Amino acid sequence: MSYKDFVNLKPRELAEDNDSDNNSDDETITLINDPSNIMYIPHEGRFSNEATTLVDGQSGIREGSSSVVENFRTNRKNSMGLNTSLKQLHYNENKIALDRSINQTIELIYEISNENKVRPIFYPTDIEDDNNILLNSKKAHLALVRNNTSALKAIEKSTNKSQIDQELELESESELPDFKILKLNLKIGHGHSNENDNIVSTLDKKSIATLLEKKFGQLVKYLLNLKDRVDDTTSKVFVTGDLNAGKSTFCNALLRRKVLPEDQQPCTSVFCEVIDASKENNGIEQVHAVPIGKDYNIRDESTYEIYSLKKLEDLVYECDRYSLLKVYVLDHRSLEESLLHNGVIDIKLIDAPGLNMDSYQTTQVFSRQEEIDLVVFVVNSENHFTLSAKEFISTAAAEKRYVFIVVNRFDNIKDKEKCKNRILDQVKNLSPDTYKSAKDFIHFVSSSEIVDKLPDGDGDGDGDGDGNDDNGDNDDNNYPDFDQLEASLRKFILEKRSISKLLPAKNYIANLLNDLQTLSDINQSVYKIEMNEKLQELNNRVAPKYNEMISKSSKVSEIINSIIESTASEIYENVKRNINKVVNELGDKPIVKYQGLQNIYEYARSTQQLMIKQILKSVEANEFNVVKITEEKVSEITKVGQDTLGSEFLHDKVFKSELMFTRKRDLIENQLNFPIDVFDFIDPSIDSCLLWLGLPKEYISQTKTQINYFNPVSVITSVSKSVTSLRQENIPSQISLQLLYSSGKILTTGALLRKLYDFGYLLNFKLLKKVGIPIILGVSGFAVYYLISDIPNAYPRKQAKKLKREIEQLEFSHKNSTRMVKECRQVLNYPARQVSNNFQTSIDKRISEKQTLETSIRDAEISFKYFDELKKKIGYQRGLLESIDLESINVVD
Ligand SMILES: Nc1nc2c(ncn2[C@@H]2O[C@H](COP(=O)(O)OP(=O)(O)OP(=O)(O)O)[C@@H](O)[C@H]2O)c(=O)[nH]1
């Protein structure tokens, strides 16, 4: 605890602290009612809030040892003051703060993991080339956005570079982030550290999201283990290293007993956990072999098999049977000498199988990292660091910050200085902090020098009381390098507990939060770019296209409607006119050869049928024309669609002209098929009479006019008309020639009448009787002869008139025109609907594009905000973590 922390204490706590200072003679210092006042009771191996004895930096005692008790009392009087209490208080506070930090980090992981389930998180991976795009990388994502916005780029041609290109350039310049904890490693085989084996970069977004999901699960598990480790009052020292580096020899040297089997051949294939028997196994030296699949519980003998220490030689090979060997040993050396039995903290020494023994064991060694507080890495000084060793050290260093490196078999090295430099150079890159404190953490020793001097067969635990007296030679001074190592190890584990035990946890959380921050930064920038790009795409491409389609659609529908309407009215007028023309021309001349009165009925019937046929033929001809017009108009409408919609126009329907007018026509034949009566053959008229008389057709109308003038009624009418017009003209000089001509005719007609009157005087009744009867008979005969002769002409005329009347009554031409118009409309509606549907499809496409973009923008916005919030939480958490001060008191010397 720093001074700053100290002044933050409440007055009552201060008073209590002062009290404890004043009453330093008391057996215990009581700091109660505050969880942070938990103290460690070394001989009970537990923490308590009721009493405290030893703290960080304080050596321990052992009950029953009077000199040590004396020593302890003296020490306690001197150092068990406020300072030591505060150190303990500080440790406990830090422990609680770390616990809290672990819990909150777990919550953060859960939160991110949930987000990853809803919207897969972008995890940056490496990109080799543009053709081999790695789907989940930021660059790949940007490249994808760039691909999708090619249309947008066309719009932006005027500007030199799109934002995406600039981003991509920036990206390619900057290195991919180096995650310490969040690194996704999916390797072929077990833990071989060949970087090229990592196949994560070849996975797609979904697979990476699944991988991340797994990773988050592992992180939570790791954090829970970390919490156990922080709460655990024991310290686990993990001794590992390359095969045959001398790990077991080193452990034996630390224990000053040949407990673990050593061999020139690889032997340790089962994890051996060396524990102080006096703490956990009632002082009995034994091996508890835990079979694979069992969870060890010292109180449940079914979870392990008991062997004597001697049996260890065989047991270490039994990796197929046992997952762990719990080796309980007694260390009778003094508390100051013994690492295991130190009076301060329970230490478990774990001898691990060598890395590279086989892939399974190597993976096991890697996975045990999360349970351990301190790593002692044993390396053979004759060799370089192997790839596994490098990977292990750098992984361990990322979390633990300091890794103890024991460079063993140093006795075999001739050029010791050169070897030291070579090793230090390598450590510099693997664990910079270890390198900086090389004096404390890197040791060049020869473990066998100590072990070789130990008596053999010492595995039964009949260890001597003082540990080293029997050996005479192994006086502390004889192994300065090893002594230095032991002192550093001891100091680090026992005195710098905040650093050896809490700092790894803090580092791990800090690295994890750092990785989460980096991941959030990346995701936030990805979503920001995505948001901008999608917004631009929406505004510059989709929305204008949508508006263009809407306006084009209404214009095109107007054009097509006008085509249909004008076609319809044109067809209606033409058809009606054509049919009427045919009807009007009927009866002008006989159309069937007249074969005399005896065949008059056939003549009548044939004439009638032929006339009807002519009308129907005309209808047919009109239908043919309508088909042609419709065909043209279908092409015209289709062209309008093609011209306006371009490639988006789908012309999937083909116009089949032969299908038009396949429905049965009007039943005109039946309707017009009226009975023939005798008057149909009589149709006297001046025209026909004149024609019959043989007058050429062209003179008929002229002759008729002349006859009209002889008609007194027409003469009178003509005079009155002329006089009226004269009066109206009011100008005598402008009397028309017609009037003069008419007046002349009046005079002529008057003279004729006068002559006829004069002629009447010559005729008397008798004469009339004599002449009249033959005249009448003659005229009658003439009339009958005329009428009979006129039958071939009269019938067609009369029939034509009748047909015309009927046709008018039936509205035949109107109905047929309407029918054709209707059919034409029906046909034209197909391409019209097709164009309209294509427009609708195009508009719908834009709407769906718009909706997709809007959804993406909304999602990107949500994600952006999510990561913004997350960053704040991470930042807050980092702040809290940074405020946990582990080092101000426990600086590594
Ligand atoms: N010269 C020399 N030999 C040593 C030293 N330490 C250990 N050895 C020898 O190295 C060989 C291997 O020692 P172990 O302690 O079994 O090595 P290990 O790393 O535990 O072996 P595994 O657990 O099988 O990987 C033994 O023959 C030891 O005698 C040393 O400091 N100097």
Side-chain angles (χ1 to χ4, degrees), residues 191 237-274 287 309 312-320 322-325 327 329 349-366 368 375-389 392-393 403-416 419-420 423 442-459 471 473-474 478-486 489:
V237 179
F238 193 70
V239 181
T240 188
D242 281 330
L243 215 58
N244 248 22
K247 300 177 291 295
S248 307
T249 315
F250 170 72
C251 288
N252 289 341
L254 277 179
L255 297 166
R256 293 297 197 276
R257 266 180 80 182
K258 287 185 178 175
V259 176
L260 300 165
E262 306 159 16
D263 201 334
Q264 278 170 338
Q265 297 300 313
C267 62
T268 317
S269 55
V270 187
F271 287 87
C272 298
E273 199 172 306
V274 186
V287 178
L309 288 183
L312 253 181
E313 290 215 357
D314 304 322
L315 292 170
V316 288
Y317 292 100
E318 303 263 11
C319 61
D320 294 334
Y322 304 113
S323 61
L324 181 65
L325 301 173
V327 185
V329 291
L349 205 58
I350 302 162
D351 183 20
L355 291 172
N356 300 326
M357 180 164 208
D358 66 37
S359 55
Y360 175 75
Q361 296 294 358
T362 307
T363 313
Q364 287 291 305
V365 174
F366 269 84
R368 291 294 292 268
V375 171
V376 176
F377 197 89
V378 184
V379 56
N380 185 346
S381 55
E382 292 151 302
N383 301 333
H384 280 272
F385 285 100
T386 60
L387 276 172
S388 301
F392 188 90
I393 293 171
V403 177
F404 255 84
I405 296 179
V406 176
V407 186
N408 197 30
R409 301 167 79 140
F410 203 54
D411 51 308
N412 284 347
I413 301 295
K414 281 183 189 147
D415 191 343
K416 295 198 171 2
C419 172
K420 274 186 182 175
I423 298 279
I442 306 172
H443 299 273
F444 298 83
V445 294
S446 306
S447 308
S448 64
E449 280 181 4
I450 299 173
V451 177
D452 287 349
K453 286 174 187 165
L454 293 171
D456 283 334
D458 197 21
N471 298 314
D473 287 345
N474 59 348
N478 290 343
Y479 317 110
D481 293 334
F482 204 89
D483 290 345
Q484 174 68 35
L485 181 155
E486 271 193 304
L489 194 59

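Just follow the structure's listing: the first ligand is 1, and inside any ligand the first atom is 1. Just so you know, these numbers come straight off a predicted model, no measurement behind them.
In this structure the side chain of N383 never reaches within 4.5 angstrom of the side chain of D242, judged on heavy atoms. By the 4.5 Å heavy-atom criterion applied to side chains, V451 and K258 are counted as neighbours. Inter-residue side-chain proximity for I405 and V407 is flagged as met; some heavy-atom pair is nearer than 4.5 Å.
Inclusion of P261 in the set of residues having an N or O under 3.5 Å from an N or O of ligand 1 is not warranted. Note: no N/O pair closer than 3.5 Å links S446 and ligand 1 by distance alone. Inclusion of A352 in the set of residues having an N or O under 3.5 Å from an N or O of ligand 1 is not warranted. For ligand 1, the polar-atom distance check against S447 finds a nitrogen or oxygen pair separated by under 3.5 Å. Annotation: N244 places an N or O atom under 3.5 Å from an N or O atom of ligand 1; distance criterion only. Below 3.5 Å of separation, one finds an N or O of N408 facing an N or O of ligand 1.
Although no hydrogens or angles enter the test, the distance criterion places a donor-acceptor pair under 3.5 Å between the side chain of N408 and the main chain of A245.
Using a 30° and 60° split on the angle between ring planes, F410 and F444 fall in the tilted class, from 30° to 60°.
Heavy-atom contacts of N412 reach the following atoms of ligand 1: 1 (N) (cutoff under 4.0 Å). In the vicinity of D411, heavy-atom distances shorter than 4.0 Å reach the ligand 1 atoms 1 (N), 2 (C), 30 (C), 31 (O), 32 (N). Below 4.0 Å from some heavy atom of A245 lie the following atoms of ligand 1, by number and element: 19 (O).
Here the two rings, on F377 and F250, have centers that are 6.0 Å apart or farther.
For E318, the side-chain contact (heavy atoms from CB on, under 4.5 Å) partners at least two apart in sequence or on another chain are R321, Y322.
The backbone and the side chain of L243 each have at least one atom closer than 4.0 Å to an atom of ligand 1 (non-hydrogen atoms only).
The option from E262, R409, E382 that lies nearest to atom 10 (O) of ligand 1, judged by heavy atoms, is R409.
Applying the salt bridge (Lys or Arg N to Asp or Glu O under 4.0 Å) test to pairs two or more places apart or on separate chains, none has a residue in residues 245-254.
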